[in-house]
Asks: 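Got a structure here, written out as structure tokens. Questions coming.
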Amino acid sequence: MGAQQVRERFAELYGADPEGVWAAPGRVNLIGEHTDYNDGFVMPFALPHRTTAAVSRRTDGVLRLHSADVDGGVVEFGPDALAPQSDTGWTAYPAGVVWALREAGHAVTGADVHLSSTVPTGAGLSSSAALEVVVALALNDLYELGLQPWQLARLCQRAENVYVGAPTGIMDQTASACCEQGHALFLDTRDLSQQQIPFDLAAEGLRLLVVDTQVKHAHSGGEYGKRRAGCEKGAALLGVDALRDIPYDGLDAALARLGDDEEVVRLVRHVVTEDERVERTVALLRSGDTRAIGPVLTEGHASLRDDFRISCPELDLVVDTALAHGALGARMTGGGFGGSAIVLAQATDVDTLTKAVEEAFATAGHTAPRVFEAVPSPGARREA
């Protein structure tokens with residue numbers, strides 16, 4: 001739904017026009033998976049797929065939420081109803097943002113919100129972050145809180161970690177809040193410093209495809225948390241604050257110190273090598289050699305599959321099929337256990353690759369994948 005449609009639906013629901021309409025995008029992570037909660041490097045970019053919100057303030061402390069994408073009516077929270085992990089539905093994400101703003105001392109006295117989204121859910125494309133960031137941006141503007149995009153991202157992360165109960169890092173919210181059109185965001189998750197790296201694929205005759213396997217995943221499930229706990233164990237055993245502090249050229253020595261803890265060895269190896277892959281990708285893009293990032297993406301998939309062990313047969317099938325039919329590189333993207341893969345390809349090969357992947361899924365008996373082009377797009381902004 002466009003801004004005008006969202007505005008009109010808001011008026012039908014709440015009996016008055018909204019004070020404004022805002023939008024925040026989903027994201028694709030080009031490289032840098034499971035490094036964000038290890039104080040490492042990531043490189044996402046925003047998708048054209050967006051969550052749009054029409055919002056007005058209230059003065060009675062009440063929060064009312066409605067989504068065009070979920071069956072049911074308006075969900076209302078009283079002034080004192082917001083409590084961490086009290087809600088397991090979609091409303092936990094926007095409600096968590098209001099809770100986090102209030103916990104931080106901001107006088108947010110309620111809101112009426114209507115939402116509509118084109119970000120695929122459960123596809124590893126940060127639909128939850130888009131939902132959080134659009135509400136945070138709207139309330140920041142309406143209540144004149146004066147928070148910068150990176151500060152909004154921090155509050156949204158706190159909402160997801162504490163209120164929702166999902167132990168995610170800072171990347172998704174920062175990407176939704178801060179990305180720029182035609183660029184990938186090189187983010188240092190330790191100090192939150194950002195560099196916008198030009199990423200104009202079309203100018204070089206390239207395309208980046210997203211293949212949504214239709215296999216759903218849930219970050220609040222136990223497997224994600226186990227990986228995070230394993231990384232923290234590795235850092236503690238190595239005597240560092242985070243795995244970011246293990247230099248790439250010191251990796252072999254660090255792994256030797258971990259002894260026979262095979263699981264922690266695998267997790268540490270992935271994080272340290274993935275940070276190096278991010279830095280290598282940045283260097284290649286800055287040098288104008290975009291095609292050369294393809295093998296780096298493929299290396300990343302092998303690490304996520306074999307060391308972090310968060311791939312699945314559908315994701316591996318996308319990667320293997322794409323590479324067999326001329327892709328420059330491919331890897332799973334997102335938290336894992338399903339979701340999406342990305343494929344870097346010559347523009348002239350897109351139709352052939354898409355058909356090959358679709359046929360491979362049909363032959364394997366999998367649900368048909370959703371394939372679309374990922375175009376680096378703007379971050380969150382006011383629409384009307």
Side-chain angles (χ1 to χ4, degrees), residues 26-35 42-45 47 120 122-126 184 199 201 206-217 223-224 227 266-267 269-271 273-278 280-281 284-285 290-375:
R27 66 97 188 96
V28 161
N29 193 23
L30 181 64
I31 193 76
E33 220 65 81
H34 289 268
T35 51
V42 294
M43 200 173 187
F45 64 89
L47 287 166
L125 303 175
S126 297
F199 192 48
L201 293 162
L206 302 175
R207 298 290 187 272
L208 191 75
L209 300 179
V210 175
V211 182
D212 177 3
T213 65
Q214 307 284 355
V215 178
K216 303 301 182 184
H217 70 116
E223 292 301 318
Y224 184 98
R227 301 307 189 279
R266 287 190 287 98
L267 297 178
R269 183 166 55 220
H270 166 72
V271 172
T273 59
E274 186 80 345
D275 274 334
E276 188 274 338
R277 282 186 284 273
V278 177
R280 209 181 338 151
T281 299
L284 289 168
L285 291 178
T290 303
R291 282 171 174 78
I293 73 171
V296 186
L297 303 183
T298 306
E299 285 177 31
H301 182 76
S303 183
L304 290 162
R305 181 192 64 211
D306 300 336
D307 276 347
F308 229 67
R309 298 189 180 179
I310 57 170
S311 189
C312 66
E314 292 86 351
L315 288 168
D316 293 340
L317 184 60
V318 174
V319 171
D320 294 343
T321 303
L323 294 173
H325 287 80
L328 299 173
R331 75 171 190 91
M332 59 154 288
T333 188
F337 314 107
S340 298
I342 56 174
V343 177
L344 180 67
Q346 301 278 2
T348 52
D349 292 337
V350 165
D351 290 344
T352 299
L353 286 167
T354 300
K355 183 179 179 181
V357 169
E358 290 172 344
E359 290 179 348
F361 268 56
T363 299
H366 300 320
T367 301
R370 179 186 181 207
V371 184
F372 59 90
E373 183 180 348
V375 179

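Fair warning: this is a prediction, and the values are worked out from it, not measured in the lab. All residue numbers in this chain count up from 1 along the given sequence.
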Asks: So, for Phe45 and Ala184, which heavy atoms are closest and what is the spacing to 0.1 Å?
Replies: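 Taking Phe45 first and Ala184 second, the nearest heavy atoms are CB-CA, 3.9 Å.
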Asks: Quick one: closest heavy-atom pair of His34 and Gly334, and the distance?
Replies: NE2-O, 4.3 Å
Asks: Does any pair with a residue in residues 310-325 pass side-chain hydrogen bond (donor to acceptor under 3.5 Å, both in side chains), and if so which ones, sequence neighbours excluded?
Replies: His301-Asp316, Ser311-Asp316
Asks: Enter the distance from Leu206:CG to Ile293:CD1 here, rounded to the nearest 0.5 Å.
Replies: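 Answer for the CG-CD1 pair, Leu206 versus Ile293, is 8.5 Å.
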Asks: Provide the closest heavy-atom pair for Gly32 versus Val278 in the form atom of the first, atom of the second, distance.
Replies: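 So the minimum-distance heavy-atom pair works out to CA-CG2, 3.4 Å.
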Asks: Provide the full list of salt bridge (charged side-chain N to carboxylate O under 4.0 Å, His left out) pairs with a residue in residues 334-348, sequence neighbours left out, each pair given once.
Replies: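 Matches after skipping sequence neighbours: none remain.
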Asks: What residues form a side-chain hydrogen bond (donor to acceptor under 3.5 Å, both in side chains) with Arg227, not counting sequence neighbours?
Replies: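 side-chain hydrogen bond (donor to acceptor under 3.5 Å, both in side chains) list for Arg227, sorted by chain: Glu223.
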Asks: For the CG atom of Leu47 and the CZ atom of Arg27, what is their distance to the nearest 0.5 Å?
Replies: 8.5 Å
Asks: Going by atom type alone, with no hydrogens or angles, which donor-acceptor pairs under 3.5 Å involve a side-chain atom of residues 337-357 and a protein atom two or more places apart or on another chain?
Replies:
unit_1	atom_1	unit_2	atom_2	d
Ser340	OG	Ala123	O	2.7
Gln346	OE1	Arg291	NH2	3.3
Thr354	OG1	Val350	O	2.9

Asks: Which residues satisfy the side chain to side chain contact (heavy atoms under 4.5 Å, CB included) test with Ala362, sequence neighbours excluded?
Replies: none
Asks: Is there a side-chain contact between Leu297 and Leu30, using heavy atoms and a 4.5 Å cut-off?
Replies: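 When only atoms from C-beta onward are counted, Leu30 and Leu297 do touch, with a gap below 4.5 Å.
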Asks: Scan residues 331-348 for pairs that pass salt bridge (charged side-chain N to carboxylate O under 4.0 Å, His left out), counting only residues two or more places apart or in two chains.
Replies: Glu33-Arg331
Asks: For His270, give me all partners under ring-ring contact (aromatic ring centres under 6.0 Å, His included), at least two apart in sequence or on another chain.
Replies: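 ring-ring contact (aromatic ring centres under 6.0 Å, His included) check on His270 returns Phe308.
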Asks: Got a sec, which residues hit side chain to side chain contact (heavy atoms under 4.5 Å, CB included) with Ala292, two or more places apart in sequence or on another chain?
Replies: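 With sequence neighbours excluded, Ala292 shows a side chain to side chain contact (heavy atoms under 4.5 Å, CB included) to Leu284, Asp289, given in chain and number order.
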Asks: Check the side chains of Arg277 and Thr281 for a donor-acceptor pair under 3.5 angstrom, ignoring hydrogens and angles.
Replies: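 No pair is found: no donor N or O on one side chain lies under 3.5 Å from an acceptor on the other.
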Asks: Between Val319, Asn29, Ile310, Val318, which is the residue that forms a side-chain contact (heavy atoms from CB on, under 4.5 Å) with Met332?
Replies: Ile310
Asks: Suppose we screen for salt bridge (Lys or Arg N to Asp or Glu O under 4.0 Å). Which residues come up paired with Glu373, at least two apart in sequence or across chains?
Replies: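 Result, salt bridge (Lys or Arg N to Asp or Glu O under 4.0 Å) vs Glu373: Arg207.
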Asks: Quick check against the 3.5 Å criterion: does Ser303 have a side-chain atom that pairs as donor or acceptor with the backbone of Glu299?
Replies: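 Side chain of Ser303 to backbone of Glu299: no pair is present.
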Asks: Looking at Ile31, Val42, Asp307, which hits side-chain contact (heavy atoms from CB on, under 4.5 Å) with Glu274?
Replies: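 It is Ile31, the one option of Ile31, Val42, Asp307 that forms the side-chain contact (heavy atoms from CB on, under 4.5 Å) with Glu274.
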Asks: Among residues at least two apart in sequence or on other chains, which ones pass side chain to side chain contact (heavy atoms under 4.5 Å, CB included) with Arg370?
Replies: His49, Pro120, Asp212, Gln214, Phe372
Asks: Go through the structure and list residues passing side-chain hydrogen bond (donor to acceptor under 3.5 Å, both in side chains) with Glu276, not counting sequence neighbours.
Replies: Arg280
Asks: Nearest 0.5 Å, please: how far is CG in Leu208 from CZ in Phe199?
Replies: 5.5 Å
